[in-house]
*Asks:* 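Here it is, the structure, as structure tokens.
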Amino acid sequence: MGAGAVSAEEEQETRAVASTYRFAPPYELPRWDFVPPPDLDGGGPRRYPVVIVGAGPSGLTLACDLAQRGIPAVLLDEDDTVGVRGASSRGICYAQKSLEIFERLGIYERVRDKGVTWSVGRTFSGDSEVYSFNLQANSVSAQPPFINLQQFYVEWFLVDRIREIGTADLRWKNRVTSVEPRGEHVRVSVETPAGDYVLEADYLIDATGANSPIRTALGLDAHASRSTDRWCITDVRFTKPLPVERWTWVDAPFNEGRGVWQHLMGDGVWRIDYQMAEDADPETISRPEVAGSRLRAQLGEDVDFEFVWIGPYQYRDHLLDEFRHGRLFFIGDAAHVVSPFGARGGNTGIQDAANLGWKLALVLRGHAGDALLDSYHAERRPAAVENLQVTSRSARFLAPRSPAEHRLRRAVVDLARRHEFARPLVNTGRMSVANAYPPAPCLPQGGRTVQNLPLTFANGTRRSLMDLLREDTRFVGIWFSPPAGAVARLRAQLEGLPVCLYACDGDPALPTLLDRAGTLARHLEAGPGSFCLIRPDAYRAALIPDATVEAAVTALRTAMPASAGHAER
């Protein structure tokens, strides 16, 4: 529907129609008091090890990660609550890797209990199902493939957890007005209701989102582009029972042959995304009577529903050339934005934070040198590039830009109805997965995520990988059937370094893991005699077949390069 002039009579009729639709009461979100910071005492700029700007999912994840590692961080946010005007769902799909991070940070149970767990997705063309998947099939993690939950809940739970730990300094109503990178620190000017102040940060993290004022002020080109594709989100409650699955229509008959997504999230609210015509007027398509007509066309004229939130969007993407600029790091949407297909936006920002947190902790404690921080860009930018490529392909499938692309999509959908081989080609969004990392100086073999495996010890104790990684900032080394006497020598070589060693079917000098079903060995791709090194972010740093003590020590020192002042043993 295009834009057009509206007469007074039409406007009155519109208001009358709109008044017949029910809206749920707005969410009552927490607000946190502004507390005048100590920096206002006029004693000169204070220096802090880490300052994070922005209390969105990536900034809060990093603050929580550092707090749990005992690293004091200051988080500055210009607001005093979570979410965007409260009720909009924004990000909703949290992938397994993010859920494993939440488990390590101590908020997973709240996310699980409030959200909706799912693993099955179905794709339709017209009235026919053409493709389905079950993401649980290849999972060995204690966490499910996905949980749907409104973004503001996740932010809320992270704030509660940070306050519970007590290490971080959350500063609400503190707006950053300027940033000045210097050689040994970053100087930050801040505006508050009680006056302005200046602080210095050993490391400054920009988590201010897609419209980063820091990135703009520094003149960094993010190579932004905007799609002509338009969508309208309808968050709605209704009584019609539907499966708790991700349903996607390529060309929904109830939406003029355009795409539709349907998800259930927390509080019994369904998030339904409708693809609109490219010339659609955002205000018009968001009117309750227009959104109500779409819902009734989809669900039936007699369905009872109430709106929670309605909002249009037009997706865009951008990507910084460098995620690190000296002592300034960009994470989340400040570094990269992708189209929303497959939930690769918010999850990527959360995983940026998990990648950077342990590296900052080890460097600040003197265990590692600056090269470890360089690995943040070396790993996370390729991940963002991959996500950009994947989502761009989904966008082209859902909104073909030429007659040839339309013909190709029709052919793929028609083949998928009749032939199994073509079903994975129906691209309505490749769901978010933990990106593998390419080979790099700190990661010669490249890296891939290790799922949150359940672990059983020889003494009967049952734990998970996240339990082991939660306790401190350390690597985990697992030696499968180590040679006699090798463990004692390896321990001596690694004494004082942040690594915890385990044996699998081996030396009683180490805590011993049982793997009678072979699940651990298969997941790590480890055979007898192999040594597997797992990083604090649950990525495999090295796998050494027929390992020796010397090779295991080299693997750790490569994954955690020493600082200039840290003598080699």
*Asks:* With a 6.0 Å cut-off on the ring centroids, do Tyr502 and Phe457 count as close?
*Replies:*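 For Tyr502 and Phe457, the ring centres are under 6.0 Å apart.
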*Asks:* Checking side-chain polar atoms at under 3.5 Å, does Asp273 have a donor or acceptor matched by the opposite partner on His263?
*Replies:*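 Their side chains do not contain a donor-acceptor pair, so the 3.5 Å distance test is not met.
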*Asks:* Would you list the pairs meeting salt bridge (charged side-chain N to carboxylate O under 4.0 Å, His left out) in which at least one residue belongs to residues 359-368, sequence neighbours left out?
*Replies:*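 Sorted result for residues 359-368: Lys359-Glu379, Arg365-Asp472.
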*Asks:* Whether Asp467 and Arg470 form a salt bridge (side-chain N of Lys/Arg under 4.0 Å from carboxylate O of Asp/Glu) is what I want to check.
*Replies:*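 Between Asp467 and Arg470 there is a salt bridge, with a charged N closer than 4.0 Å to a carboxylate O.
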*Asks:* Of all heavy-atom pairs between Asp537 and Lys97, which one has the smallest distance, and what is that distance?
*Replies:*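 Smallest heavy-atom distance, with atoms named: O-NZ, 2.9 Å.
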*Asks:* Answer yes when Glu322 and Arg381 have at least one side-chain N-carboxylate O distance shorter than 4.0 Å, and no when they do not.
*Replies:*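 Between Arg381 and Glu322 there is no salt bridge, as every charged N stays at least 4.0 Å from the carboxylate O atoms.
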*Asks:* State whether the side chain of Ser98 and the backbone N or O of Tyr94 hold a donor-acceptor pair below 3.5 Å, judged by distance alone.
*Replies:*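 Not at all, since once roles are kept as given, no pair shorter than 3.5 Å links the two residues.
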*Asks:* Within the distance-only criterion (no hydrogens, no angle test), does the side chain of Gln96 pair as donor or acceptor with the backbone N or O of Gln143 below 3.5 angstrom?
*Replies:*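 Answer holds: yes.
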*Asks:* Step by step, would you call Trp261 with Trp247 a ring pair (Phe, Tyr, Trp, His ring centres under 6.0 Å)?
*Replies:* CA-CA 6 Å; Trp261 273 268; Trp247 282 17; over 10 Å; no
*Asks:* Measure up the Tyr376 and Phe323 rings against each other and bin them: parallel (under 30°), tilted (30 to 60°), perpendicular (over 60°).
*Replies:*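 Judged by the thresholds at 30° and 60°, the geometry between Tyr376 and Phe323 is tilted.
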*Asks:* Under a 4.0 Å threshold between the charged nitrogen and the carboxylate oxygen, would Asp77 count as salt-bridged to Lys173?
*Replies:*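 Asp77 and Lys173: not salt-bridged.
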*Asks:* List for me each residue that meets ring pair (Phe, Tyr, Trp, His ring centres under 6.0 Å) alongside Tyr437, sequence neighbours excluded, and say none if there are none.
*Replies:*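 By the ring pair (Phe, Tyr, Trp, His ring centres under 6.0 Å) rule, Tyr437 matches Tyr539.
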*Asks:* Quick one: do the Thr192 and Asn174 side chains pair a donor with an acceptor below 3.5 Å?
*Replies:*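 Their side chains do not contain a donor-acceptor pair, so the 3.5 Å distance test is not met.
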*Asks:* State which residues pass side chain to side chain donor-acceptor pair (under 3.5 Å) with Arg31; sequence neighbours excluded, sorted by chain then number.
*Replies:*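 Per chain and number, Arg31 pairs via side chain to side chain donor-acceptor pair (under 3.5 Å) with Asp80.
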*Asks:* Any idea which heavy atoms bring Ala353 and Ile331 closest together, and the distance?
*Replies:*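 Nearest pair, atom of Ala353 first, then Ile331: CB-CD1, 4.4 Å.
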*Asks:* Distance only, no hydrogens: is a donor on one side chain within 3.5 Å (strictly under) of an acceptor on the other, for Arg161 and Gln68?
*Replies:*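 Per modelled atom types, Arg161 and Gln68 side chains form a pair under 3.5 Å.
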*Asks:* Give every residue pair that meets the salt bridge (charged side-chain N to carboxylate O under 4.0 Å, His left out) criterion with at least one member in residues 34-53, sequence neighbours excluded.
*Replies:*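 Every salt bridge (charged side-chain N to carboxylate O under 4.0 Å, His left out) pair that includes a residue of residues 34-53, provided the two are not neighbours, is Asp39-Arg171, Asp41-Arg46, Arg47-Glu200, Arg47-Asp202.
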*Asks:* Please enumerate all residues that pass ring pair (Phe, Tyr, Trp, His ring centres under 6.0 Å) together with His325, with sequence neighbours excluded.
*Replies:*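 Scan of His325 (ring pair (Phe, Tyr, Trp, His ring centres under 6.0 Å), adjacent residues dropped) gives Phe330.
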*Asks:* Could you check whether Asp206 and Ser212, counting side-chain N and O atoms only, form a donor-acceptor pair closer than 3.5 Å?
*Replies:*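 On atom types as modelled, these side chains qualify, holding a pair under 3.5 Å.
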*Asks:* For Thr239, which residues count as a side chain to side chain donor-acceptor pair (under 3.5 Å) partner, sequence neighbours excluded?
*Replies:*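 With neighbours one apart ignored, the set is empty.
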*Asks:* If we count only N and O atoms by modelled type, under 3.5 Å, do the side chains of Thr248 and Gln262 hold a donor and an acceptor together?
*Replies:*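 No, Gln262 and Thr248 have no side-chain donor paired with an acceptor closer than 3.5 Å.
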*Asks:* Is the shortest side-chain N to carboxylate O distance from Glu184 to Arg327 below 4.0 Å?
*Replies:*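 Salt bridge between Glu184 and Arg327, a charged N being under 4.0 Å from a carboxylate O: yes.
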*Asks:* On a heavy-atom basis, which atom in Gly477 and which in Val499 lie closest, and how many Å separate them?
*Replies:*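 Taking Gly477 first and Val499 second, the nearest heavy atoms are N-CG2, 4.2 Å.
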*Asks:* Please, which pairs that meet ring-ring contact (aromatic ring centres under 6.0 Å, His included) have at least one residue in residues 30-73, sequence neighbours excluded?
*Replies:*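 As it turns out, the ring-ring contact (aromatic ring centres under 6.0 Å, His included) pairs with a partner in residues 30-73, which skip direct neighbours, are Trp32-Trp172.
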*Asks:* Output all residues satisfying side chain to side chain donor-acceptor pair (under 3.5 Å) with Ser141, sequence neighbours left out; order by chain, then residue number.
*Replies:*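 Ser141: side chain to side chain donor-acceptor pair (under 3.5 Å) contacts with Glu100.
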*Asks:* Treating Arg540 as the side-chain partner and Leu524 as the backbone partner, does any N or O pair qualify as donor plus acceptor under 3.5 Å?
*Replies:*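 Yes, the answer is positive, given that a donor and an acceptor are paired below the 3.5 Å cut-off.
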*Asks:* Please, which pairs that meet ring-ring contact (aromatic ring centres under 6.0 Å, His included) have at least one residue in residues 174-227, sequence neighbours excluded?
*Replies:*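 Pairs touching residues 174-227 that pass the test: none.
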*Asks:* Measure the NE2-CG distance between His367 and Leu364 for me, rounded to the nearest 0.5 Å.
*Replies:*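 CG of Leu364 is found 11.0 Å from NE2 of His367.
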*Asks:* Going by distance alone, is a donor N or O of one side chain under 3.5 Å from an acceptor N or O of the other, for Glu103 and Asn452?
*Replies:*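 Asn452 and Glu103 do not have a side-chain donor-acceptor pair below 3.5 Å.
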*Asks:* Run the ring pair (Phe, Tyr, Trp, His ring centres under 6.0 Å) test against Tyr274 and tell me which residues pass, sequence neighbours left out.
*Replies:*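 Tyr274: no ring pair (Phe, Tyr, Trp, His ring centres under 6.0 Å) contacts found.
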*Asks:* Just by distance, no angles: are the side chains of Arg462 and Thr456 close enough, under 3.5 Å, to form a donor-acceptor pair?
*Replies:*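 Thr456 and Arg462 do have a side-chain donor-acceptor pair below 3.5 Å.
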*Asks:* Just how far is it from atom CG of Leu76 to atom CD1 of Ile52, taken to the nearest 0.5 Å?
*Replies:*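 These two atoms lie 9.0 Å from each other.
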*Asks:* Can you name the residues that form a ring pair (Phe, Tyr, Trp, His ring centres under 6.0 Å) with Phe307, not counting sequence neighbours?
*Replies:*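 Result, ring pair (Phe, Tyr, Trp, His ring centres under 6.0 Å) vs Phe307: Tyr21, Phe23, Phe305.
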*Asks:* For the pair Phe475 and Trp358, name the ring-plane relationship: parallel under 30°, tilted 30 to 60°, perpendicular over 60°.
*Replies:*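 Aromatic pair Phe475/Trp358 classed perpendicular.
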*Asks:* Run the side chain to side chain donor-acceptor pair (under 3.5 Å) test against Asp333 and tell me which residues pass, sequence neighbours left out.
*Replies:*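 Counting only residues at least two positions away or on another chain, Asp333 forms no side chain to side chain donor-acceptor pair (under 3.5 Å).
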